[in-house]
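The structure under discussion appears below in the form of structure tokens.
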Amino acid sequence: MSDKVRVRYAPSPTGYPHVGNIRTALFNWLFARHHGGSFIVRIEDTDVARTVDGAVEAILDGLRWLGIDWDEGPQAGGNFGPYVQSERLNKYKAAAKKLIEQGDAYYCYCPPERLEEMRNEQMKNKQPPGYDRRCRDMPVPEGVLKWMSGMKRVVRFRTPLAGKTTFHDIIRGDVTFENSTVDDFVIIKSDGFPTYHLASIVDDYEMGITHVLRAEEWLSSTPRHLLMYKAMGYKPPEFAHLPMLLGTDRSKLSKRHGSVSIMDYKEQGYLPEAMMNFLSLLGWSLDGKTELMTVKEIIKNFTLGRVNSTGAIFNVEKLDWMNGVYIRDLKVDDFSQRVIPFLERDLPSDVKRPLSLEYVKQIAPLVQERVKKLNEIAELTDFFFTENLEYDPNILVAKKTSRETTGIMLETALKELGELPDFTEEALENILRPMAEKLEVKTGQLFGTLRSATTGREAAPPLFQTMAVLGKERCIKRINEALVVLDKAKDKTVKE
RNA sequence: GGCGCAUUCGUCUAGUGGCCUAGGACACAUCCCUCUCAAGGAUGAGAUCACGGGUUCGAAUCCCGUAUGCGCUACCA
């Protein structure tokens, strides 16, 4: 590749940043970074009706969250601006004018209702739907008359009636379309805005885009674009149509498949680095074996030759696993920092904020390897923060033990723990293990009972560490409370 | 309906004519470790490479056809 690579991500601000879209952005970015080229963001806001306030910022936030930076575009500037299509209308008008003048485009006065009717008729007769070209050869004076009388008009491209358009897709190889299957599509809408087709080719040309990497859904409109490049006398860029992201039923990923906004994933506690790693593997692979990679490694190895052509189902289970791997890899301090916003968001409201970073740092290592998503943190650790525990008294009585035995275990623990000078993990272990032996119960039974008493749950981090972090005072208090509610529990001497 | 693209374990994928009696990962199962839950380790089950024809000494890999899926078929992108 002798020319410097210039690629773009061209989202339209019609809603939240969709993961499928972001994946396209990611591949463009990886491609640019791999080749030392430029990654450009261009906002395609040519659909006035569908434009949503705040969408641009949301999309940019999504990119930033993942660590995708752009060399040119909104907030970054660049020499090819403006990077917002609604600020480039004159360029599209000029292009349309040129096409009309050289006979490659024409005004069409057909009202939407007629087109609708025409389509219905075509469908009914099992004809391929498409514009019937009624205005294609309208004499100029007639058009002028309609225009003067106030009729609305659009500009359509005059598609060649015969011939073929072939192009080489970097991922799929040669693709050919019969021009006769391409209808006279609209390039300027009646509101004066261009359609995607016109705007994108004008901008891609003027911004010096060398490669267009976009989702497969665009494959069928590529001949339109090529025809326009030709009519405009532009040299077309190279094309690569990326496989789509699919939902579990293999259809285009959408809301009904679950979360589709990249920001939802952020809020659920996926790490951006895990998300990027996972997304990069949807349609691309290094060697079929290496899956966990740093951004650097991904960039270093990312080539279109290793992008496949089959749509990929967005497999959340694998994402969860990968996120867990990344979480476990975090340094305790880092993990603690990242977890605080989630704790502050999800812990019961009576827990005082702001949380102590020092205290969180004590808790964090106990749950780090047990968490797949950061939003699980509050649920897993709330007993470290709340004063009163609420739980089913039955969990105090370990399997195959009686209420009486449980009472004895709690009393004994209470007494010996009370005399323990330093409440460390090691000291606790040294006192609790022999205690089980003395009481002639299994360690699992004793520890289980104490776990329930001190945490209010049956599954928690290792007992000694947990108790050490909770501290002597709180553990004693909770064991006392356990003794009170024990009355309500049932014996479990009979095998369940 | 038309056009286009695709088709390897449930899922993500490796595979570019012989190394494939098809490899890895997630998920799943069993076992080990173990104070619970995880994590970790080991083992296992799971794909007649959509199907049918060719080409070839030899095909998951090349060609043709069929089927299925998906996408497009807007004054949306």
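Any value given below was found using the heavy atoms of this structure, including those in side chains, with hydrogens, waters and symmetry copies removed. In what follows, every chain begins at residue 1, and chains take the letters A, B, ... in the order their sequences are listed.
Here A:Glu458 lies in heavy-atom contact (under 4.0 Å) with a base. Base contact: A:Asn315 has a heavy atom under 4.0 Å from a base atom. Counting non-hydrogen atoms under 4.0 angstrom, A:Arg451 reaches a base of the nucleic acid. Backbone-only contact: A:Gly283 has heavy atoms under 4.0 Å from sugar-phosphate atoms and none from a base. Within 4.0 Å of A:Arg306, counting heavy atoms only, lie sugar-phosphate atoms of the nucleic acid but no base atom. Residue A:Ala460 is in base contact, counting any heavy-atom pair closer than 4.0 Å across all strands shown. A:Gly444 comes within contact range of the sugar-phosphate backbone alone, with a heavy-atom separation under 4.0 Å but no base atom that close. Counting any heavy atom pair closer than 4.0 Å across all strands shown, A:Phe464 reaches a base atom. At a threshold of 4.0 angstrom between heavy atoms, the contacts of A:Lys318 include nucleobase atoms, whether or not backbone atoms are also involved. Residue A:Leu463 is classed as a base contact, given a heavy-atom separation below 4.0 Å to a base.
Taking for each of A:Phe447 and A:Lys372 the nucleotide of RNA chain B with the nearest heavy atom, the 5'-most of the two is the partner of A:Phe447. Nearest-nucleotide positions on RNA chain B for A:Arg433 and A:Glu317 put A:Glu317 closer to the 5' end.
Between the CG atom of A:Leu245 and the P atom of B:rA6 there is a distance of 18 Å, given to the nearest Å. One can place CE of A:Met275 at 14 Å from C1' of B:rC12, the figure rounded to the nearest angstrom. Look at CZ on A:Phe167: it is 11 Å from P on B:rG4, rounded to the nearest Å.
Side-chain nitrogen and oxygen atoms of A:Ser285 include at least one within less than 4.0 Å of the OP1 or OP2 phosphate oxygen of B:rA14. One finds no side-chain N or O of A:Asn125 lying less than 4.0 angstrom from the OP1 or OP2 phosphate oxygen of B:rG1.
Across A:Ile408 and A:Leu439, no two heavy atoms sit closer than the pair CG2-CD2, 3.9 Å. A:Met293 and A:Leu286 get closest at one heavy-atom pair: SD-CD1, 3.5 Å.
Comparing the C1' positions of B:rA42 and B:rU68 gives an interatomic distance of 40 Å, to the nearest angstrom. The same atom, C1', is picked in B:rC63 and in B:rU56; the two are 12 Å apart, to the nearest Å. Distance check on atom P: B:rC62 versus B:rC26 gives 30 Å, rounded to whole Å. Distance check on atom C1': B:rA27 versus B:rC9 gives 12 Å, rounded to whole Å. For the C1' atoms, the distance linking B:rC20 with B:rG1 amounts to 42 Å, nearest Å. Distance check on atom C1': B:rA14 versus B:rA25 gives 11 Å, rounded to whole Å. Comparing B:rU34 with B:rG15, their C1' atoms sit 41 Å apart, to the nearest whole Å. B:rG54 and B:rU21: their C1' atoms are spaced 25 Å apart (whole Å).
Remark: the A:Arg156 side chain and the A:Tyr106 side chain contain no N/O donor-acceptor pair separated by less than 3.5 Å.
Both the sub-6.0 Å distance and the 45° axial angle are satisfied by A:Arg153 relative to the ring of A:Tyr107.
Each of B:rU13, B:rC12, B:rA38 was ranked by its minimum atom distance to the side chain of A:Arg370; first place goes to B:rA38. When each of B:rU7, B:rC35, B:rC12 is scored by its nearest atom to the side-chain atoms of A:Thr443, the top-ranked nucleotide is B:rC35.
Side chain A:Lys289 to base B:rA14: no donor-acceptor pair is found below 3.5 Å.
When both pairing distances are held under 3.5 Å, B:rC19 makes no Watson-Crick or G-U pair with any nucleotide shown. Across the strands present, B:rU55 finds no partner; the criterion is a Watson-Crick or G-U wobble pair with both atom distances under 3.5 angstrom. Searching all strands for a Watson-Crick or G-U wobble partner of B:rC3 with both distances below 3.5 Å returns B:rG71. Pairing partner, B:rA42: B:rU30, with both Watson-Crick or wobble hydrogen-bond distances short of 3.5 Å.
Ring planes of A:Tyr229 and A:Phe239: perpendicular class, angle over 60° (limits at 30 and 60°). Using bins of under 30°, 30° to 60° and over 60° for the plane-to-plane angle, the ring pair A:His197/A:Trp218 lands in the perpendicular bin.
Remark: the backbone N or O of A:Arg50 is paired with a side-chain donor or acceptor of A:Asp47 at under 3.5 angstrom.
At a threshold of 4.0 Å, the pair A:Arg158-A:Asp184 does not count as salt-bridged, since none of the basic side-chain nitrogens sits closer than that to a carboxylate oxygen. Taking a cutoff of 4.0 Å between a charged side-chain nitrogen and a carboxylate oxygen, A:Lys438 and A:Glu416 qualify as a salt bridge.
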Practice problem: Summarise protein proximity over nucleotides 69-77 of chain B in one line of letters, 5' to 3': B for base, S for sugar-phosphate only, - for none, counting protein heavy atoms closer than 4.0 Å. | Solution: -SBSSSBBB
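Taking the six-membered ring for Trp and the full ring otherwise, the centers of A:Tyr270 and A:Phe278 sit at least 6.0 Å from each other.
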